Chemist: 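Input: one structure, supplied below.
Fair warning: this is a prediction, and the values are worked out from it, not measured in the lab. Naming: A, B, ... by sequence-line order, numbering from 1 per chain. Worth knowing before you read on, the calculation uses all heavy atoms, side chains too, and leaves out hydrogens, waters and symmetry mates.
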There are 2 protein chains.
Amino acid sequence: MVKLTDVAAKAGCSVTTVSRVINNYGYISQKTRKKVHEAMKELNYQPNSVARSLQGKKTKLIGLIFPDVSNPFFGELVSKIEDQLFKHGYKTILCNAGNDKEKERTYLQMLMANQVDGIIAGAHNLGIEEYQRTGLPIVSFDRKLSDNIPIVSADNFKGGSLATQELYNHGARHIYFVGNPTLDGHPTQKRLLGYKETIKELKLTEHIHPVIFNETLALKEMAIRDLLENHKVDGIVASDDLTALLILNISHDLGIHIPKDLKIIGFDGSKVVRDFEPRLSTIVQPIRSIAQLLVKLLEKRIDNPTEELDNYTYYLPVELLKRESSGN
Amino acid sequence: MVKLTDVAAKAGCSVTTVSRVINNYGYISQKTRKKVHEAMKELNYQPNSVARSLQGKKTKLIGLIFPDVSNPFFGELVSKIEDQLFKHGYKTILCNAGNDKEKERTYLQMLMANQVDGIIAGAHNLGIEEYQRTGLPIVSFDRKLSDNIPIVSADNFKGGSLATQELYNHGARHIYFVGNPTLDGHPTQKRLLGYKETIKELKLTEHIHPVIFNETLALKEMAIRDLLENHKVDGIVASDDLTALLILNISHDLGIHIPKDLKIIGFDGSKVVRDFEPRLSTIVQPIRSIAQLLVKLLEKRIDNPTEELDNYTYYLPVELLKRESSGN
DNA sequence: TTTTTTATGATAAGCGCTTGACATAATCTT
DNA sequence: AAGATTATGTCAAGCGCTTATCATAAAAAA
């Protein structure tokens, strides 16, 4: 392994000088600076970040705690975050927490032990305290952890409302909300609230049909089949796109015509779903902006941990993508 | 920050003893071991892995270099790999390389600087040498890097063959291969070879219709539209599921009935696609097994870098999932 | 009791790098 | 030419932990 002393030898100067070049302090002539850089290049030298970190330097490691990148929405979000972090010089430690409390907890410990500079939290298994206890800079996606942890989120309430209104505009009068009904703090709840509010404004009756997010596919299908076969429904606000797709498929099996008999609108609008299911109307979350803001806020916290932010809650605007499934 | 000396103080023993407990060497009585563990728990102590790594201990960090987790297949694969790594006590550094040579190169440097224990390489931008030069244990997914780097892959050739045969069995005689035609070393090429071989056996004419993987959606759509409108085709082997979905959608737009007028079969079989597009026939890669094998091989390399493996090429069996789109 | 074995402590070196203190050149000012 | 400025070097301490060495004490075996 090439080390500082090797570079110094090659460049014909002292380690101090090399260190000065690398860390950019003290007096250095252009000539030596160049010589050192050349030596580093020739030897393909990379300062050992482990050693640097031990001096209290930043590790430039960020922990990303999210449910699961195999979900297209989280996949895209994580991808965008990773890209932002990379541009800011950070490396991403990927922590898929699933719905596994224990795994999330272990990861938290690991991240601390690895001296990460900060955490972006998007999983929802653990309580606030466990995150607080890390003492690390944290920003949260879509869920309030505590008063002093910034939270970034799409405007889920508005999304729920927009979706409901869109279905109404296209003639639906028996509009169901299909998805997770009761997870408190969970983002889908705000979507539900938006739905409820709008239903009330429209003087309709609210109908909530629970389809639990991390149930098996078969159980979800049963729940949806039950809805479509045994209830009078002509419009559905789905809590997320995957649920919406399921409804689309089952409707097709049952011979229910979309959008004539039933109008559907999803939520999330990941690129994959938008591109490959072009019939589905959906509420699109601004994934790129979310990623940018998360990283920007986190970096701010890292660079200045004590500074109070002027705002701890950010709702980014959603967009209604009108397609065939909602009657367009 | 809690450190070793704090634990020693709390437990009423020397740092040496604490270190003996942590690293499990030398003589230690059950009583002291317990006392130390209690002290660690009480203080919520985590050995600083940065400091440990500096002694030459393993970092337990693995770099994962893949194109992009927002692609459902890679999302699922990365998710499964992450899970395997976690179970083996490793942390995952996520490196989305996209098709960006420079980013991949930078990541490689970063991984070296961070003293990762090994790399799982699934991106295809860089040449062998740059990987070799890291001097790190590496395993590769789906692409040969060099003779002494193990490669794990689904049996793409067999998959291409199975798909072609399936279309034939259901009556297709004008069977096209749609996707990347020429990327050498790229996995889709073996799929193409499987297709070609089988076409020859069946005494049909081969037709290759290029749709470049990282083109824009619009260009891909144009290419497909051209195929469907201007060519006599009744069967398509798609190089991957997303391309297959595109073909499905465009066929629908053009009023081409699937599977009556045209039979399609995709490739990859990620869970998302299987669950949410249940009409699509596809060649399913054994993602979980791939992940397990990759991690197993990598760990072997890490624990014993010099040992020669008895095999450097692993083709895992694919499975044909028969659905409606291929005529079932 | 004597010898072995087991348990713990004190001390120090070192992993690769940073940084401060101090010293000495080389170059620039006026 | 004298002082100021800039450039480089030497040396040493320290980040938190591991590990080897040596010493000593307690428990177990002979």
Chemist: In this structure, how many angstroms lie between the P atom of C/dA7 and the NZ atom of B/Lys31, rounded?
Modeler: 11 Å
Chemist: How close or far is atom P of C/dG9 from atom CG of B/Leu4, stated in whole angstroms?
Modeler: 12 Å
Chemist: In whole angstrom, give the distance that lies between atom CD1 of A/Ile28 and atom P of D/dG9.
Modeler: 8 Å
Chemist: Residues two or more places apart in sequence or in another chain: which of them pass ring pair (Phe, Tyr, Trp, His ring centres under 6.0 Å) with A/Tyr90?
Modeler: none
Chemist: NZ of A/Lys57 versus P of C/dC15: gap in Å, rounded?
Modeler: 21 Å
Chemist: According to the interplanar angle, ranging from 0 to 90°, do the rings of A/Phe66 and A/Phe141 count as parallel (below 30°), tilted (30 to 60°) or perpendicular (above 60°)?
Modeler: tilted
Chemist: How many Å lie between CZ on B/Arg52 and P on C/dG16, as a whole number?
Modeler: 17 Å
Chemist: Kindly determine whether B/Asp142 and B/Ile151 satisfy side-chain contact (heavy atoms from CB on, under 4.5 Å), including the steps that lead there.
Modeler: CA-CA 6 Å; B/Asp142 239 1; B/Ile151 161 173; 5.9 Å; no
Chemist: On a heavy-atom basis, which atom in A/Ile149 and which in A/Val139 lie closest, and how many Å separate them?
Modeler: CG2-CA, 4.2 Å
Chemist: Under the 6.0 Å and 45° cation-pi test, does A/Lys91 pair with A/Phe86?
Modeler: no
Chemist: Would you indicate whether the side-chain heavy atoms of B/Ile290 and B/Gln285 approach each other to under 4.5 Å?
Modeler: yes
Chemist: Given C/dA7, is OP1 or OP2 found less than 4.0 Å from the side-chain N or O atoms of B/Tyr27?
Modeler: no
Chemist: Specify the residue among A/Ser49 and B/Gly26 whose closest nucleotide of DNA chain C lies further upstream toward the 5′ end.
Modeler: B/Gly26
Chemist: Going from CG on A/Leu108 to CZ on A/Arg133, what distance comes out if it is rounded to the nearest 0.5 angstrom?
Modeler: 9.0 Å
Chemist: Specify the separation, in whole Å, of atom CD of A/Gln55 and atom C1' of C/dT18.
Modeler: 5 Å
Chemist: Under 4.0 Å, heavy atom to any atom of DNA chain D: which of residues 7-25 of chain A qualify?
Modeler: A/Gly12, A/Cys13, A/Ser14, A/Thr16, A/Thr17, A/Arg20
Chemist: Would you please confirm or rule out a distance under 4.0 Å between OP1 or OP2 of C/dC15 and any side-chain N or O of A/Lys3?
Modeler: no
Chemist: CD of A/Gln30 versus C1' of D/dT6: gap in Å, rounded?
Modeler: 13 Å
Chemist: Mind listing the closest non-hydrogen atom pair of A/Tyr27 and A/Arg20 along with its distance?
Modeler: O-CD, 4.1 Å
Chemist: Using nucleotides 24-30 of chain D, report all nitrogen or oxygen pairs with the protein that are shorter than 3.5 Å.
Modeler:
none

Chemist: Please verify the inter-ring angle class for B/His186 with B/Phe213; under 30° counts as parallel, over 60° as perpendicular, anything in between as tilted.
Modeler: tilted
Chemist: For A/Leu54 and D/dC17, what is the distance between atoms CG and P respectively, to the nearest whole Å?
Modeler: 9 Å
